[in-house]
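Have a look at the structure below before the remarks.
Every chain is numbered from 1, with letters handed out A, B, ... down the list of sequences. Computed from a predicted model, the values in this text were never measured in an experiment.
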Number of protein chains: 2
Amino acid sequence: MTTRGRPKSFCPDRALENAMQLFWQRGYEAASLQDLQAATGLSKSSLYQTYPSKQAWFVAAFSRYVAQRRALLLEQLAASTSPLAFIRERLLSVLEDDGPDGVPRGCMLVNVANEFSLSEPALVPVLQRATAGICQVFEQALERAVACGELSNAQDLAARASYLQCVMSGLRTQVKSAVPADSIRATVAVVMASLDCA
Amino acid sequence: MTTRGRPKSFCPDRALENAMQLFWQRGYEAASLQDLQAATGLSKSSLYQTYPSKQAWFVAAFSRYVAQRRALLLEQLAASTSPLAFIRERLLSVLEDDGPDGVPRGCMLVNVANEFSLSEPALVPVLQRATAGICQVFEQALERAVACGELSNAQDLAARASYLQCVMSGLRTQVKSAVPADSIRATVAVVMASLDCA
DNA sequence: TGATTTTTGGACTGATTGGTTTTGAATGGG
DNA sequence: CCCATTCAAAACCAATCAGTCCAAAAATCA
């Protein structure tokens with residue numbers, strides 16, 4: 001059972017990464033097969049041999065994004081000395097999110113949720129788990145904040161985590177609505193002040 | 001200068017309302033001209049005689065939505081005895097937002113912002129003004145809350161208004177991510193508690 | 001009646017969509 | 001050498017897209 005025939009001449013992982021970047025930036029509908037070819041560098045034949053459809057490419061790319069993003073957040077949290085600073089930085093990061101064309105890419109989770117609403121049953125559980133995953137990271141951050149004395153109110157951390165995820169999504173939409181950066185920063189300040197209120 | 005020839009047999013306002021409902025539910029790209037014909041009841045010829053392109057129909061429909069929504073919010077605020085209750089009700093209303101197909105329509109402002117990011121220059125000022133308009137309503141509500149003693153902290157009302165608009169958008173995205181209703185309600189509770197913290 | 005205008009509906013364009021199939025060369029292992 | 005596999009490029013598919021155009025019917029006014 002060894003490999004026979006001509007070996008793959010491209011890296012499937014790299015191809016998927018590039019596809020992910022494409023779908024992230026353009027969404028599903030707006031990204032055509034031509035775009036997908038250009039992004040991955042693969043021919044149409046190779047595309048359809050790797051995944052059987054555009055949809056399959058998309059769900060693979062989206063899953064990749066979800067895993068990557070959660071991992072990145074956890075990494076940033078671990079690297080941060082102050083949990084609250086971590087949260088503030090994450091919220092403020094929506095301001096530096098421009099894609100190569102100067103248009104904010106946003107968070108692919110938010111993008112996908114808004115493009116499909118709940119009309120694609122296959123995506124619903126993925127979306128649900130992904131959102132919950134992000135909330136978990138925020139909850140972990142809040143727990144640490146309590147542990148290190150940055151946060152006095154230790155109740156309902158899960159609710160506050162979901163609240164933070166909600167605010168994050170809202171900020172992303174505001175950025176895409178051309179809300180001025182000062183306003184975004186002011187909102188972040190309100191949110192940070194709200195975290196420690198009785 | 002009297003009217004000559006066959007009179008219009010349809011109501012342009014009704015047609016635009018129906019077009020608005022369509023674009024609200026489906027977005028711009030996903031709504032085809034056939035859908036637009038079906039929704040408005042107009043023939044293709046009449047469609048293109050009323051507005052010169054699909055884009056023109058869309059911006060007209062979107063402008064209509066923006067005006068209508070702001071008016072509705074102001075009306076609800078005026079009808080409400082408690083400004084804070086008004087805010088809570090608006091936030092919770094994201095839970096009752098299903099379209100005819102059981103899929104949440106969301107807020108057309110949020111939908112448009114996420115579909116186009118900032119890639120359509122013609123939409124940017126419309127989006128910006130519309131978002132600011134919603135914020136104004138929330139700011140008015142906060143002012144009233146201060147006036148009637150429901151809110152003790154009277155500082156930075158504009159920032160808190162933008163914050164509420166942000167939360168609203170975030171909640172809409174969470175609904176489209178299949179976040180459970182209980183979690184939504186918990187988040188709303190956190191937000192309401194945050195409004196009055198020092 | 002005649003002039004004018006809007007109606008509908010269908011034919012038609014040219015481009016693009018996602019997807020299939022074919023072809024023939026490249027590249028390996030057995 | 002032979003077989004298996006993969007490659008890229010192109011042809012091809014039916015469907016759909018937004019948009020244009022035309023013709024004939026219908027409805028009003030002068």
Of all heavy-atom pairs between A:V191 and A:S194, which one has the smallest distance, and what is that distance?
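Shortest heavy-atom separation between A:V191 and A:S194 comes out as O-OG, 2.6 Å.
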Please say yes or no: joined through hydrophobic side-chain contacts below 4.5 Å, possibly via intermediate residues, are B:L109 and B:V103 part of one cluster?
no
Taking the inter-plane angle between the rings of A:F138 and A:F86 on a 0 to 90° scale, is it parallel (under 30°), tilted (30 to 60°) or perpendicular (over 60°)?
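Rings of A:F138 and A:F86: tilted, as their planes differ by 30° to 60°.
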Quick one: label [X] by what it contacts on the DNA or RNA (base, sugar-phosphate, nothing), any heavy atom closer than 4.0 Å.
X	answer
B:S32	sugar-phosphate
A:A30	nothing
A:S46	sugar-phosphate

When you check the gap from the basic side-chain N to the acidic O, do A:D13 and A:R64 get nearer than 4.0 Å?
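Salt bridge between A:D13 and A:R64, a charged N being under 4.0 Å from a carboxylate O: yes.
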Within residues 33-42 of chain A, residues whose heavy atoms come under 4.0 Å of DNA chain C:
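Residues of residues 33-42 of chain A that come under 4.0 Å of DNA chain C are, in numerical order, A:L33, A:Q34.
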OP1 or OP2 of D:dA18 less than 4.0 angstrom from a side-chain nitrogen or oxygen of B:S53, does that happen here?
no
Considering only heavy atoms and no angle criterion, is a donor-acceptor pair shorter than 3.5 Å present between the side chain of A:K54 and the base of C:dG19?
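Per atom types, no contact qualifies.
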Just compare D:dT6, D:dA8, D:dA18 and give me whichever is closest to any side-chain atom of A:Q49.
D:dT6
Among the nucleotides D:dA8, D:dT20, C:dG9, which one has an atom lying closest to any side-chain atom of B:S45?
C:dG9
If you assign each of A:K44 and A:T50 to its closest nucleotide in DNA chain D, which residue comes earlier from the 5' end?
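Closer to the 5' end of DNA chain D: A:T50.
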Indicate whether the side chain of A:N111 and that of A:K176 have a donor and an acceptor atom separated by less than 3.5 Å.
yes
Measure from the ring center of B:F58 to the ring center of B:F116 and say whether it is less than 6.0 Å.
yes
